[in-house]
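Every heavy atom of this structure was used, including side-chain atoms; hydrogens, water molecules and symmetry mates were not.
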Amino acid sequence: MENYLFGLAGLALIIIAWAPGVIGTIKSGKPGMEKRFMALYFLGSASLAYYAWLLNDLPFLTLNALAALVPLIHMYFYLRVHGFGKILT
């Protein structure tokens, strides 16, 4: 149980660290990541979330699922600013 609480504490600290960047992106309406980084970040986090699911590890599943949402938020604002035409360039 102690290890589980330690994992949840780490999860909470990482979410707190991400919050200002995500909130800043939402408020400004401008992405805060390069588009290539967004894709790699999403794919890596989604893969790790799946792996954590296979291991039945709730803290890491939650962490990586939320980590996969971060680049999706940035991608949404990138597409709002630039449209789909610049996504592959």
- Query: Could you state the interatomic distance from CG (Leu13) to CG (Leu63), rounded to the nearest 0.5 Å?
  - Reply: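 One finds 11.0 Å between CG of Leu13 and CG of Leu63.
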- Phe60 and its side-chain contact (heavy atoms from CB on, under 4.5 Å) partner, picked from Asp57, Leu58, Asn56: Asp57
- Item | Nearest heavy-atom neighbours spanning His74 and Met38 |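 It is C-SD, 3.7 Å.
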- Between Thr25 and Lys30, the two heavy atoms sitting closest are CG2-O, 3.3 Å
Scan the side chains in residues 45-53 for donor-acceptor partners under 3.5 Å anywhere in the protein, sequence neighbours excluded, and list what turns up.
| residue | atom | partner | partner atom | Å |
| --- | --- | --- | --- | --- |
| Ser45 | OG | Tyr41 | O | 3.0 |
| Ser47 | OG | Leu43 | O | 2.8 |

- Task: Group every Ile, Leu, Val, Met, Phe, Trp and Tyr by side-chain heavy-atom contacts under 4.5 Å, then state whether Leu72 and Leu40 land in the same group.
- Result: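 Leu72 and Leu40: separate clusters.
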- Item | Verify same cluster id: Leu66, Ile23 (apolar side-chain graph, 4.5 Å) | no
